[in-house]
Amino acid sequence: MKILMVNKFLYPNGGSETYIFQLGEQLQKEGHEVQYFGMEHEGRIVGNRVESYTAGMDFHTGKLQKLLYPFKIIYSWEARKKIRPVLEDFAPDVVHLNNINFQITPSIFYEIKSYEKKYHKKIKMVFTAHDYQWVCPNHMMRIPATEELCFACQGGNFGACSKNRCIHNSRVKSILGTLEAQYYKARKTYDMVDTIICPSEFMKKQLDTNPLLAKKTVMLHNFLPKAAEKEEKDTATEQLNLPDKYVLYFGRFSEEKGVETLLKVCRKLPDIPFVFAGSGPLAEEVFSMPNITNVGFVSGKALENLITGALFSLYPSEWYENCPFSVMETQLYGTPMIASDLGGTPELLQDGVTGELFEAGNAELLKEKIEKLWTNPELCQKYGENCKMIKFDTIEEYCDKIVRKVYA
């Protein structure tokens, strides 16, 4: 089978890239042909035979980019033009779509249909929903100005995006996001997709509020990301001068990830050492905390060492996370977690069994949970042992389900 993976970023950038790279690698191991389409970038690590990609796009700098911004994020003629030679050369059986909005746009659906018509060849279009873009123009179901969680756009009422300035708290960008959502709704563009993979029941519930999407959704939790190779020699954690006993947060240092709330709690627990691994807009505040060791961004074996060395880890996110790899990865290494109760996270973490859940944004409750686990290492050990019993799909099992139930 020939599978064309489509994603705007073709370099390591986040969860959707982890997903396409590991799934693509496994598909190739099983004898399928896989190529990739997205934006060109100096860090690109995958591609296609004809070397056809869209130009890299940065909408935050340059007068020309700002001028073209409204047109490119709604409908990309360049993406349609650039994907055509890939289709002509590769002749895929499946086009597996991932993060495409804004930089690639659903305009490519029309080129795929044009190719089908010309060659009388059916191409299965599959979409994995990594966020809520198809039911929420700012993709997070969260109003940035007020930090409120929001369901106002359910059912296609996208005007709320403009009213609440939901995209970067910008009126202009929010209007453009609204126009994009309304344009594809009016054209019933998403109806061209054959199957929508929802990595959580929560995600499926949100997409099912759109009758056009509801008949196409299937729930399939993400696979367990591959553990770091045991033979990988990485002494990074040995050079970090970590506390003997610590609580870990790893991820983006940003407000929607709950880091602002977490920092409030850290200030109230000066005797507990925290280790933060990552980067983001709240990095300065993280650096200023005397009981936080900030080790920056780590990955691979170094990240595994950080997770396994922690008494427990934290995932205080304050938006509707989908099926976060971070939660699965922590449990994979037998480390319990305290996590917020939003989105798909409660589907992965069993409260009182593999860790503990708390009300998102509730600093006092988070503080109580941290103190509880910090002073009860035997409870952490019990949770850790339970973590090792969790059964998530391996990449091999997930790939088998995709090929048999989705691509077929």
So does [X] have more than 12 non-hydrogen atoms from other groups sitting under 6.0 Å from [atom1]?
X	atom1	value
Lys81	NZ	no
Lys188	NZ	no
Lys2	NZ	yes
Lys163	NZ	no
Lys382	NZ	no
Lys117	NZ	no

Has the side chain of [X] got a donor or acceptor atom that lies under 3.5 Å from a matching backbone atom of [Y]?
X	Y	answer
Asp194	Met125	yes
Asn305	Gly309	no
Glu78	Ala55	yes
Asp89	Pro85	no
Glu347	Gly344	no
Lys216	Asp191	yes

Nearest 0.5 Å please: distance from the [atom1] atom of [X] over to the [atom2] atom of [Y].
X	Y	atom1	atom2	value
Asn164	Asn169	CG	CG	10.0 Å
Met203	Ile197	CE	CD1	12.0 Å
Glu329	Leu303	CD	CG	5.0 Å
Ile292	Ile272	CD1	CD1	12.0 Å
Glu321	Asp131	CD	CG	11.0 Å
Ile108	Ser76	CD1	OG	9.0 Å

How close do [X] and [Y] get, heavy atom to heavy atom, and via which atoms?
X	Y	result
Ala408	Lys124	O-NZ, 2.9 Å
Phe127	Asn98	CE1-O, 3.1 Å
Lys82	Tyr53	NZ-O, 3.1 Å
Arg142	Glu318	NE-O, 3.1 Å
Thr105	Ser107	OG1-OG, 2.6 Å
Ile167	Pro137	CD1-O, 3.7 Å

In terms of side-chain heavy atoms, does [X] have a donor or acceptor partner in [Y] at a distance below 3.5 Å?
X	Y	value
Glu88	Tyr119	yes
Asn386	Thr354	no
Gln26	Gln22	no

Ring centroid separation Phe202 to Tyr320 under 6.0 Å: yes

Pair Phe276 + Tyr246: ring centers closer than 6.0 Å: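 Centroid distance Phe276-Tyr246: not below 6.0 Å, so no.
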
Regarding [X] and [Y], does a basic nitrogen lie under 4.0 Å from an acidic carboxylate oxygen?
X	Y	answer
Lys113	Glu116	yes
Asp400	Lys405	no
Lys268	Glu371	no

With Tyr19, the side chain to side chain donor-acceptor pair (under 3.5 Å) member among Asn99, Thr128, Asn7: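 Going through the options one by one, the only one that passes is Thr128.
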
Glu304/Lys301 under salt bridge (charged side-chain N to carboxylate O under 4.0 Å, His left out): CA gap, chis, key distance, verdict: CA-CA 5 Å; Glu304 179 188 342; Lys301 188 66 176 178; 3.6 Å; yes

Pairs meeting criterion side-chain hydrogen bond (donor to acceptor under 3.5 Å, both in side chains) with involvement of residues 277-297, two or more places apart: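 Not a single pair qualifies under side-chain hydrogen bond (donor to acceptor under 3.5 Å, both in side chains).
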
Without placing hydrogens or testing angles, list every side-chain donor-acceptor pair under 3.5 Å for residues 147-161, not counting sequence neighbours.
residue	atom	partner	partner atom	Å
Glu148	OE2	Thr146	OG1	2.9
Gln154	NE2	Gln206	OE1	2.9
Asn157	ND2	Gln154	O	3.1

Arg187 NZ/CZ over Tyr110 ring centroid, <6.0 Å and within 45° of normal: yes

